[in-house]
Student: 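Supplied in structure tokens, the structure appears directly below.
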Amino acid sequence: SGANAGLTPEDVRAASPIIQHADAVLCQLETPLEGTREAFRLARAGAKLTVLTPAPVTTLPEELLRLCDLCVPNRTEIEVLASCSVDNVDHAHSAAAALRARGVRSVAVTMGDSGAFLLDDSGAHHISGVGLEGDVVGSPELHELPAGGVLGEGAAVTLPDEVVPGDVVDRARCVVG
């Protein structure tokens, strides 16, 4: 809603120089899908990493999924995107495989206290959760350790030039844990 609802593909094209200067483009679904799709088209044309956090979750066009290098849904979101329930790591693996079959290159499912599940070309990786004591300030998913180094709003991990998925999550666990 608000200004986000007014984002158009033309607006995104006007920001093309910024996208071309970036290493990665991270989008979520609080803007119209047409704008997100255009951002990913421009990013892909410039060989930039595309990362999608599919929230609020909705049905996604196949083209957007094919433009996505890394999709980071939580358990509820992947259930909608893959049309199946995700109650455990095996279910997360099946749901992530379903998204990969639709064109997403890598899928990292955040699973709350159960940690995270990553499926990419290197294989399947389950990363156990890290329990936090006390009040967690900020994003409720702060403790979920999504792959890609993002820990929550306003926090990130610097990544090396050659990213090994398990290493990224281990590094994030060190920062959080």
Student: So how far is it from Thr53 OG1 to Leu29 CG, rounded to the nearest 0.5 Å?
Tutor: 8.5 Å
Student: Go through Val72 and Val51 one step at a time and tell me if the side-chain contact (heavy atoms from CB on, under 4.5 Å) criterion holds.
Tutor: CA-CA 7 Å; Val72 188; Val51 181; 4.2 Å; yes
Student: One pair to check against ring pair (Phe, Tyr, Trp, His ring centres under 6.0 Å): Phe117 and His125. What are the steps and the verdict?
Tutor: CA-CA 6 Å; Phe117 179 82; His125 312 273; 8.2 Å; no
Student: Within a strict 4.5 Å, meaning less than it, do heavy atoms of the Pro61 and Leu64 side chains meet?
Tutor: yes
Student: With a 4.0 Å cut-off on N to O distance, would you call Glu10 and Arg13 a salt bridge?
Tutor: yes
Student: Quick one: does any side-chain atom of Arg75 pair with a main-chain N or O of Met111 as donor and acceptor, under 3.5 Å?
Tutor: yes
Student: Does some side-chain heavy atom of Val12 sit less than 4.5 Å from a side-chain heavy atom of Leu42?
Tutor: yes
Student: Please name the pair of heavy atoms, one in Ala39 and one in Cys27, separated by the smallest distance, quoted to 0.1 Å.
Tutor: CB-SG, 4.1 Å
Student: When rounded to the nearest 0.5 angstrom, what is the spacing between OG in Ser114 and CG in Asn88?
Tutor: 8.5 Å
Student: Return the minimal non-hydrogen interatomic distance between Glu77 and Ala55, and the atom names on each side.
Tutor: OE2-CB, 3.0 Å
Student: I need the minimum non-hydrogen distance between Leu81 and Leu99, along with the two atoms involved.
Tutor: CB-CD2, 3.9 Å
Student: Looking only at heavy atoms, what is the nearest atom pair of His93 and Ala124, with distance?
Tutor: CE1-CB, 3.8 Å
Student: Closest heavy-atom contact between Glu30 and Asn4?
Tutor: O-CB, 3.2 Å
Student: Side-chain contact, heavy-atom cut-off 4.5 Å: Thr76 with Val57?
Tutor: no
Student: Roughly how far apart are Leu118 CG and Thr110 OG1, rounded to 0.5 Å?
Tutor: 12.0 Å
Student: Would you indicate whether the side-chain heavy atoms of Thr50 and Leu70 approach each other to under 4.5 Å?
Tutor: no
Student: Side chains of His91 and Glu79: closer than 4.5 Å at any heavy-atom pair?
Tutor: no
Student: Do Lys48 and Gln20 pass the side-chain contact (heavy atoms from CB on, under 4.5 Å) test, and can you show the C-alpha distance, the side-chain angles, and the key distance before you say yes or no?
Tutor: CA-CA 8 Å; Lys48 309 302 178 181; Gln20 295 313 309; 4.1 Å; yes
Student: Do Arg100 and Leu119 have side chains that approach each other closer than 4.5 Å (heavy atoms only, starting at C-beta)?
Tutor: yes
Student: Roughly how far, to the nearest 0.5 Å, is OG1 of Thr36 from CG of Leu52?
Tutor: 7.5 Å
Student: Would a 4.5 Å heavy-atom cut-off, applied to side chains only, mark Cys68 and Arg105 as touching?
Tutor: no
Student: Within the 4.5 Å heavy-atom criterion, are Leu67 and Arg37 side-chain neighbours or not?
Tutor: yes
Student: Grab the two heavy atoms, one from Ser106 and one from Val104, that are nearest each other, plus how far apart they are.
Tutor: O-CG1, 3.2 Å
Student: So, Asp69 and Arg44, do they make that salt bridge, N to O below 4.0 Å?
Tutor: yes
Student: Could you give the distance from CG (Asp11) to CD (Glu38), rounded to the nearest 0.5 Å?
Tutor: 11.0 Å
